Chemist: 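If you scroll down you'll find the structure; I have some questions about it.
As the structure is a computational prediction, the values presented were derived from the model and not from experiment. We count ligands from 1, going down the list as the structure has it; atoms in each ligand are counted the same way.
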Amino acid sequence: MKLNNHFLELKDSYLFSTVARKVREFQAANPDKKVYKLSIGDVTLPLAPAVIKAMHDAVEEQAHKETFRGYGPELGYDFLRSELVNYYGKRGVKLELDEIIVSDGAKSDLGNILDIIDPSNKVLIPDPVYPAYVDVNVMGGRKISTIAGNEANGFKPLPYDGLDADVIYICSPNNPTGAVYTKDELKKWVDFANSKNALIIFDAAYESFITDPTLPRSIFEIEGARTCAIEICSFSKIAGFTGTRCGYTVAPKELVFDGISVNALWNRRQSTKFNGTPYIVQRGAAAVFSDEGMKQIQENLQFYRDNAKIIKEGLNSVGVWSVGGENSPYVWARTPKGMKSWEFFDKLLNEYGVVCTPGAGFGENGEGYFRLTAFGDREVTKEAVKRVIELYK
Ligand code: PLP
């Protein structure tokens, strides 16, 4: 018996566990010092009342023989898929019900999608980036190359002559940088992918943070995307489902490689290895799109957007180079005095009691940068920013 040796190629420590360990050590050594955390990208506000009500009602249904539901459709209930069709439709993106496959979250889909992709493909991943893209490909022994985000391209790398790829990951609004591709920029990726017969895996987990109507919230707002892209999205950030778990993948019918439909393979993969997202959760997710639910989640999103503004304005007040914070819950900033990311992290934690996420943990181009998140409490955000900017004075 041989285990999958590729797991041994994974980097030892996952970024957030190292951050958590350092914070634990600091707290143990300084039990009376308050720590201001603007690090991990988890939401902090509770689920919207409309979502809770829908889930309570669904629990009640499960309590009675007449309304009880057992196994559901593996690919998601139509009541949720049709809400998603409407949600996209409002932005002018026409989808068919069976182009949307509901899951228990974007992270699962980002990993599981590799089941339908041949290991021989060349995978292109932006750097810095959400670490899971790299790790799932390392586990599968895939050949990975990176494309650099940097200040010159505003952390939005674009295709260039001579670039080669079969599978391309794009995350916009980006985690960790908060950078958001414009329609023209995404069009360049779509044209590149179509010309190479490549697949774009578009991660739209943060689409709900986009308020600028000129910016694309879905890759399918771009002409030509239906023949080269799938979109993976989540209820985690739009509606605080990080602990409740619901996501979905959009696989258009026109997406065909060598005569084989991506939608058909993904359907087959999901119905073979997944038994569907819980009914109660899908009822909660569908309630996000009711008038009341949408109003409530927009209030929550606005709270986070205001936090992002506080962070951004604080950094701007001392002239720090940063990106994100608008149309995104993340702000990505250059460390002071050329400090390395982890050096800055340690100084910020040990001397100022603030926790950021070191940019180097997201890839080599993240060195010299750090990420702050807008998902914190208001008072924590204000105090943390006040302390961060002290380091630039
Ligand atoms: N994609 C990106 C870019 C993320 O930042 C995250 C979570 O932070 C996810 C996907 C995972 O989303 P989910 O909670 O739906 O698994």
Chemist: Not counting sequence neighbours, list each pair that qualifies as a salt bridge (charged side-chain N to carboxylate O under 4.0 Å, His left out) and has a residue in residues 37-54.
Modeler: K53-D57

Chemist: Quick one: do the Y133 and D203 side chains pair a donor with an acceptor below 3.5 Å?
Modeler: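 Yes, because at least one side-chain N or O of Y133 sits under 3.5 Å from a partner of the opposite role on D203.
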
Chemist: Could you go through ligand 1 and note, for every N or O atom, any protein N or O atom closer than 3.5 angstrom, writing the atom names and distance to 0.1 Å, or 'none'?
Modeler:
| unit_1 | atom_1 | unit_2 | atom_2 | d |
| --- | --- | --- | --- | --- |
| ligand 1 | 1 (N) | D203 | OD1 | 3.4 |
| ligand 1 | 1 (N) | D203 | OD2 | 2.6 |
| ligand 1 | 5 (O) | N175 | ND2 | 2.7 |
| ligand 1 | 5 (O) | Y206 | OH | 2.6 |
| ligand 1 | 8 (O) | Y206 | OH | 3.3 |
| ligand 1 | 8 (O) | K237 | NZ | 2.8 |
| ligand 1 | 14 (O) | S236 | OG | 2.6 |
| ligand 1 | 14 (O) | R245 | NH1 | 2.9 |
| ligand 1 | 15 (O) | A106 | N | 2.7 |
| ligand 1 | 15 (O) | S234 | OG | 2.6 |
| ligand 1 | 15 (O) | S236 | OG | 3.3 |
| ligand 1 | 16 (O) | A106 | N | 3.3 |
| ligand 1 | 16 (O) | K107 | N | 2.9 |
| ligand 1 | 16 (O) | R245 | NH2 | 2.7 |

Chemist: Does a side-chain N-to-carboxylate-O contact under 4.0 Å join K386 and E383?
Modeler: yes

Chemist: R69: what forms a salt bridge (charged side-chain N to carboxylate O under 4.0 Å, His left out) with it, not counting sequence neighbours?
Modeler: none

Chemist: List, one per line, each side-chain donor-acceptor pair under 3.5 Å for residues 1-10, sequence neighbours excluded.
Modeler:
| unit_1 | atom_1 | unit_2 | atom_2 | d |
| --- | --- | --- | --- | --- |
| N4 | OD1 | H6 | N | 2.9 |
| N4 | ND2 | M139 | O | 2.8 |
| H6 | ND1 | E9 | OE1 | 3.4 |
| H6 | ND1 | E9 | OE2 | 3.0 |

Chemist: ring-ring contact (aromatic ring centres under 6.0 Å, His included), that's the test. Do F375 and F209 meet it? Break it down for me.
Modeler: CA-CA 12 Å; F375 289 120; F209 280 87; 5.7 Å; yes

